[in-house]
2 protein chains.
Amino acid sequence: MKIGELAKRTGCSVQAIRYYEKENLLPSTRRSDGNFRLYDESYIEQLSFIRLCRGLDLSLSEVRQLLSLKNSPGADCDEVNYMMEAHIQQVEARINDLMELNDQLRALRSYCSDQQTVENCGILQSLSSSVDDRPTGDTHDRHNGATFSG
Amino acid sequence: MKIGELAKRTGCSVQAIRYYEKENLLPSTRRSDGNFRLYDESYIEQLSFIRLCRGLDLSLSEVRQLLSLKNSPGADCDEVNYMMEAHIQQVEARINDLMELNDQLRALRSYCSDQQTVENCGILQSLSSSVDDRPTGDTHDRHNGATFSG
DNA sequence: ATTGACTCTATAGTCACTATAGAGTTTAGA
DNA sequence: TCTAAACTCTATAGTGACTATAGAGTCAAT
Ligand SMILES: [Zn+2]
Ligand SMILES: [Zn+2]
Ligand SMILES: [Zn+2]
Ligand SMILES: [Zn+2]
């Protein structure tokens with residue numbers, strides 16, 4: 001099976017598959033005479049595993065860890081648990097952030113009644129007012145927003 | 001006031017301020033003899049406005065729109081409302097996605113009881129199983145994930 | 001032989017910045 | 001006055017997980 005068929009059967013894009021290979025999430029395949037990648041059925045499962053993890057918002061680096069654990073069946077699964085726990089907590093923190101954000105947005109929206117001019121718009125007025133009792137911001141970090149210092 | 005002081009007083013990084021200028025969210029300033037940017041007090045408010053919007057997860061392009069509306073006080077504020085509405089809906093959709101995701105993650109976590117080997121880990125087993133009745137994924141799009149076709 | 005569909009690599013772009021290099025400027029103290 | 005520290009400047013590369021594109025090659029059918 002060539003890459004296009006694999007893409008179609010897994011719902012991935014062709015470029016994503018090549019990207020996963022480059023990032024060592026999928027092992028390199030043999031190639032045809034014309035240098036086309038040739039996949040066997042096992043790749044469907046492997047790629048589906050990755051897709052599933054991505055659907056759970058796991059980062060590629062987390063998926064890489066899971067894959068490497070999958071390949072050491074004797075190890076115990078502390079690491080899996082630890083990662084899942086950390087991931088869940090991140091997701092929950094993000095949910096809390098967003099819900100707080102949502103409250104603020106709704107409050108803001110309520111400041112604007114119908115058909116006013118921008119000049120009198122409560123939304124813009126509120127956004128332009130002083131910011132003293134607001135949180136410091138930066139609470140809405142992305143999943144892997146590490147500060148890389150090397 | 002030089003850029004460092006503005007940064008300190010607003011909680012922005014120096015680079016972010018320069019970035020906002022480059023992206024036309026902040027007007028260019030006059031410069032000192034040595035080509036340093038010089039800001040007056042009004043920039044504190046302007047930058048705070050931007051920060052506040054960003055704290056609400058508004059994209060820079062949305063902030064740009066708000067700023068340009070702020071500068072046409074006679075216009076009516078339909079556009080503000082429309083944008084806020086769309087933004088709120090995006091945030092709420094994202095919250096719903098994440099809550100569904102969270103349920104899945106918690107279910108997954110419950111499959112692993114204490115101290116098992118990877119081989120027997122319910123989490124990995126579940127992730128490796130077939131994917132038939134799962135959603136198609138790609139529901140967790142980022143804020144501005146437009147497909148630019150130009 | 002040619003068309004069209006597919007594939008290849010390499011590269012640039014997305015977003016909102018951060019980090020760095022290498023240069024110049026200003027300020028304080030010796 | 002010299003110098004060192006602290007600051008600023010521009011320009012460029014990097015972040016994540018891809019998408020989009022260019023320009024070339026491959027393959028099957030006509
Ligand atoms: Zn995670
Ligand atoms: Zn209004
Ligand atoms: Zn928005
Ligand atoms: Zn387990």
Side-chain angles (χ1 to χ4, degrees), chain A residues 1-26 28-39 47 50-51 53-64 87 90 94 137-150, chain B residues 1-26 28-39 47 50-51 53-64 87 90 94 137-150:
Chain A
M1 155 175 45
K2 282 182 290 183
I3 198 168
E5 192 187 335
L6 181 62
K8 212 163 277 170
R9 288 177 62 185
T10 56
C12 277
S13 75
V14 166
Q15 298 103 303
I17 296 173
R18 290 198 279 245
Y19 177 71
Y20 292 154
E21 181 186 326
K22 190 158 75 75
E23 295 293 311
N24 296 315
L25 290 152
L26 282 175
S28 312
T29 53
R30 67 201 165 88
R31 301 289 186 105
S32 74
D33 288 348
N35 200 32
F36 288 7
R37 290 170 181 82
L38 296 176
Y39 300 94
L47 197 44
I50 296 172
R51 289 267 297 167
C53 292
R54 295 287 304 129
L56 297 171
D57 242 14
L58 292 159
S59 69
L60 287 191
S61 131
E62 287 168 324
V63 179
R64 229 190 315 265
H87 188 72
Q90 285 231 8
R94 180 75 178 141
D138 281 359
T139 48
H140 306 300
D141 266 339
R142 292 301 183 208
H143 190 111
N144 284 310
T147 61
F148 29 92
S149 61
Chain B
M1 166 173 37
K2 283 181 291 182
I3 199 169
E5 193 188 336
L6 181 63
K8 214 162 273 169
R9 287 177 63 186
T10 55
C12 277
S13 75
V14 165
Q15 297 103 303
I17 296 173
R18 291 198 279 244
Y19 178 71
Y20 292 154
E21 182 187 324
K22 190 159 74 76
E23 295 293 313
N24 296 316
L25 290 152
L26 282 174
S28 312
T29 54
R30 66 200 165 88
R31 300 290 185 106
S32 73
D33 288 349
N35 199 33
F36 288 8
R37 289 169 181 85
L38 295 177
Y39 300 95
L47 197 43
I50 296 171
R51 289 267 297 165
C53 293
R54 294 288 303 129
L56 297 171
D57 243 13
L58 293 160
S59 69
L60 287 192
S61 130
E62 286 167 325
V63 179
R64 230 190 315 265
H87 188 72
Q90 284 230 8
R94 180 72 178 145
D138 282 356
T139 47
H140 305 299
D141 265 340
R142 291 305 181 206
H143 190 111
N144 283 310
T147 60
F148 28 91
S149 60

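Since this is a predicted model, take the numbers as computed values, not measurements. Below, chains carry the letters A, B, ... as their sequence lines are ordered, and counting in each starts from 1. Computed from heavy atoms alone, side chains included, the values below leave out hydrogens, waters and symmetry copies.
- Rounded to whole angstrom, the span from the CE atom of A/M1 across to the C1' atom of D/dC27 amounts to 18 Å.
- Contact check for A/L47 versus A/Y39: no side-chain heavy atoms found under the 4.5 Å cut-off.
- Inter-residue side-chain proximity for A/L38 and A/M1 is flagged as unmet; no heavy-atom pair is nearer than 4.5 Å.
- For A/Y19 and D/dG16, the shortest distance from a side-chain N or O to OP1 or OP2 is not below 4.0 Å.
- As rounded to whole Å, 17 Å separates atom P of C/dA16 from atom CD1 of B/I17.
- Between A/Y20 and D/dA17 there is no side-chain N or O to OP1 or OP2 distance below 4.0 Å.
- Although no hydrogens or angles enter the test, the distance criterion places no donor-acceptor pair under 3.5 Å between the side chain of A/R54 and the main chain of A/V63.
- Rounded to whole Å, the distance from CG on A/L60 to P on D/dT19 is 11 Å.
- Distance alone, capped at 3.5 Å, places no donor-acceptor pair between the B/R18 side chain and the B/I3 backbone.
- Map B/Q15 and B/R64 each onto its nearest nucleotide of DNA chain C; the residue landing nearer the 5' end is B/R64.
- For A/I50 and D/dA17, the CD1 to P distance is 12 Å, given to the nearest whole Å.
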Could you run down nucleotides 3-12 of chain C 5' to 3' and tag each one B, S or - for protein heavy-atom contact under 4.0 Å?
----SBB---
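- If A/S13 and A/D33 are placed on DNA chain D by their nearest nucleotide, the residue sitting closer to the 5' end is A/S13.
- Between B/Q90 atom CD and C/dC15 atom P there is a gap of 13 Å when expressed in whole angstrom units.
- Under a 3.5 Å cut-off, the side chain of A/H87 and the backbone N or O of A/E62 do not form any donor-acceptor pair.
- Taking the salt bridge (Lys or Arg N to Asp or Glu O under 4.0 Å) definition, one finds that B/R37 meets it with B/E21, sequence neighbours left out.
- Between the CD atom of A/E21 and the P atom of D/dC18 there is a distance of 15 Å, rounded to whole Å.
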